[in-house]
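The next block holds one structure in the form of structure tokens; read it before the comments.
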Protein chains: 2
Amino acid sequence: MQNEIFKSAFSVDCVLFGFDEGELKILLIKRGQPPMKGSLALPGELVFPEEDLDDAAHRVLEQLTGLTDIYMEQVYTFGKVDRHPDGRVITIAYYALVNTKDHPVKEMPGVEEIRWAPLKDALKTKLGFDHNDILEACAEKLKRRVRTAPIGFELLPEKFTLSELQTLYELILDKELDKRNFRKKILGMGVLNVLNEKQKGVAHRPANLYSFDIERYKRLVIDGSGFEL
Amino acid sequence: MQNEIFKSAFSVDCVLFGFDEGELKILLIKRGQPPMKGSLALPGELVFPEEDLDDAAHRVLEQLTGLTDIYMEQVYTFGKVDRHPDGRVITIAYYALVNTKDHPVKEMPGVEEIRWAPLKDALKTKLGFDHNDILEACAEKLKRRVRTAPIGFELLPEKFTLSELQTLYELILDKELDKRNFRKKILGMGVLNVLNEKQKGVAHRPANLYSFDIERYKRLVIDGSGFEL
DNA sequence: GCAAAAGTGTTTACAGTACACCCATGG
DNA sequence: CCATGGGTGTACTGTAAACACTTTTGC
């Protein structure tokens, strides 16, 4: 017999994207709790009765990874009757973006193992529940969103090089971009601060560092120009 | 005290768009049942425990309007703790598109009144629950979606004129389009069949009729060209 | 001095935009 | 014959795309 809450419950599941070692990765956990203990899955949990959905998404991510203040956005709600082995649970999927360099994930209770998996590999891995569908939907959403909103910066450290930014876009969009055209466009938008600082310790000409200027971005939105890559 | 189901329940709400009398309208109902009996709201109902979300959306729309086989798409899930007066109910919002000419809505039990309201008016009207937020989200989604997917045709009769199509796009996008450029572009895509048939009974040169060719559209998608207005 | 990535402009092609007149019908 | 919307082509403009060489550093 199922728990009373399973008359109809809802959960949130998160696809946490990170840009690490020149690769686009997502966070998977090996579940340390039933249901589906031991299987690979996205971080997710039931929503509390007195908790807004967006709050729940942040709370769940913190509970499973220790991360706070993460950029998150709702993607889609999955509600097939049989998607959860214990009863009727619909789940609201979110994607989340984190700068892995400055925000390492922690091992948390209830999680047997936590790991960053390259997105491409994860898409081919069998995950628990309907998490493969969720992952696909989130990856698609990120692809669409990154073209028209300045969310890529959430995946980078505060100071970054243009090549890092370009590589990131290439990974997300899954296509190569022309260096000169990319720079022309992104600099032309005027949302980056040119810093008086350079890369150090690289075996080639050191790149200039840049930072995202959210105030300039806001002005750009007010003018109706917008962000479009 | 609240009903047991309200420990956590979920509903679907629909924004049904129709193109009628040269205007873009949405369907509102005056609720004949509590909660919020008597107030204007979107068609919506609780989801059954053994029912997929998309099925629920179709069932609810049929139950309240008599319409079957309607194009629907999930938009967003609204989950503020206090959004429903009777307890914790999150709602999954859908938009729906109907050709009002061939599919009139019926008065159904449990509905005090049903009416088509111009979208612009509805956006200014105070609706029950958080339905104003839902309506806004759906109108935005439609705006975005109609540019990149051939969904506009769902709002038109099978045979239509190019001017009707253009007017529809102008209403949805809320901006004027150039007649010659519009025709060039839509005909250039090659997803319309030119019919050997003309408007009748109009006090001006009768327009040619066209129909949407879904097979040609599919081929276009396979070629990677896609629909883009 | 060699390897490795940074940085930089110009030309070309295509798609978007602006624009004005004749045509077919009903009344 | 007049009013109404239908139907058509061209020139211009601006953005996207293609493309190659010099510079700076570490080793």
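In what follows, every chain begins at residue 1, and chains take the letters A, B, ... in the order their sequences are listed.
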Using atom [atom1] of [X] as one end and atom [atom2] of [N] as the other, report the distance to the nearest whole Å.
{"X": "A/Lys198", "N": "C/dA4", "atom1": "NZ", "atom2": "C1'", "answer": "17 Å"}
{"X": "B/Asp178", "N": "D/dA11", "atom1": "CG", "atom2": "C1'", "answer": "14 Å"}
{"X": "A/Glu228", "N": "D/dA16", "atom1": "CD", "atom2": "P", "answer": "9 Å"}
{"X": "B/Leu177", "N": "C/dC19", "atom1": "CG", "atom2": "C1'", "answer": "16 Å"}
{"X": "B/Phe182", "N": "C/dT17", "atom1": "CZ", "atom2": "C1'", "answer": "16 Å"}
{"X": "A/Lys179", "N": "D/dA17", "atom1": "NZ", "atom2": "C1'", "answer": "17 Å"}
{"X": "A/Gln199", "N": "D/dG26", "atom1": "CD", "atom2": "C1'", "answer": "12 Å"}
{"X": "A/Leu229", "N": "D/dA17", "atom1": "CG", "atom2": "C1'", "answer": "14 Å"}

Any chance you could measure [X], atom [atom1], to [Y], atom [atom2], to the nearest 0.5 Å?
{"X": "A/Ile134", "Y": "A/Phe78", "atom1": "CD1", "atom2": "CZ", "result": "5.0 Å"}
{"X": "B/Arg59", "Y": "B/Gln63", "atom1": "CZ", "atom2": "CD", "result": "5.0 Å"}
{"X": "A/Leu67", "Y": "A/His103", "atom1": "CG", "atom2": "NE2", "result": "8.0 Å"}

Margin query: Please compare B/Leu209 and B/Ala203 by the position of their nearest nucleotide in DNA chain D and report the one closer to 5'.
Written below: B/Ala203
Counting only distance, no hydrogens or angles, is the base of [N] paired donor-acceptor with the side chain of [X] under 3.5 Å?
{"X": "B/Lys184", "N": "D/dT10", "result": "yes"}
{"X": "B/Asn181", "N": "C/dA18", "result": "yes"}
{"X": "A/Arg180", "N": "D/dA17", "result": "no"}

Check: A/Leu97 and A/Tyr95: side chain to side chain contact (heavy atoms under 4.5 Å, CB included), yes or no, with the steps?
Finding: CA-CA 7 Å; A/Leu97 305 177; A/Tyr95 76 78; 3.8 Å; yes
Hey, what are the protein-to-nucleotides 12-15 of chain C N/O distances that come in under 3.5 Å?
none

Next item on the list: Select base, sugar-phosphate, or nothing to describe what A/Thr161 touches, counting heavy atoms under 4.0 Å on all strands.
Entry: nothing
Next item on the list: Classify the ring geometry between B/Tyr217 and B/Phe212 as parallel (under 30°), tilted (30 to 60°) or perpendicular (over 60°).
Entry: tilted
Checklist line | Proximal nucleotide (of D/dG7, C/dA6, C/dG26) relative to the B/Asn208 side chain | finding: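 Per side-chain heavy atoms of B/Asn208, the pick is D/dG7.
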Item checked: Trace of the salt bridge (Lys or Arg N to Asp or Glu O under 4.0 Å) decision for B/Asp133 with B/Arg83 -> CA-CA 11 Å; B/Asp133 297 337; B/Arg83 61 169 295 284; over 6 Å; no
Margin query: One pair to check against side chain to side chain contact (heavy atoms under 4.5 Å, CB included): A/Met108 and A/Thr65. What are the steps and the verdict?
Written below: CA-CA 6 Å; A/Met108 302 293 278; A/Thr65 68; 5.5 Å; no
Item checked: N-O pairing of B/Glu197 and B/Lys159 below 4.0 Å ->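 A salt bridge is present here (some side-chain N lies under 4.0 Å from a carboxylate O).
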Check: So, is A/Arg183 close to the C/dG7 phosphate, meaning a side-chain N or O under 4.0 Å from OP1 or OP2?
Finding: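 Answer is yes, contact under 4.0 Å.
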Notebook entry, point to check: With respect to the phosphate group of C/dA5, does any side-chain polar atom (N or O) of A/Ser163 fall under 4.0 Å of OP1 or OP2?
Noted result: no
Check: Hey, what bend do you get for the helix from C/dG1-D/dC27 to C/dG27-D/dC1 if you fit axes on five pairs at each end, rounded to 10°?
Finding: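 That helix gives 0° between its end axes.
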Next item on the list: Would you please indicate yes or no on a ring centroid separation below 6.0 angstrom for A/Phe153 and A/Phe160?
Entry: yes
Item checked: Flag if over 12 foreign heavy atoms under 6.0 Å of CD, A/Glu170 -> yes
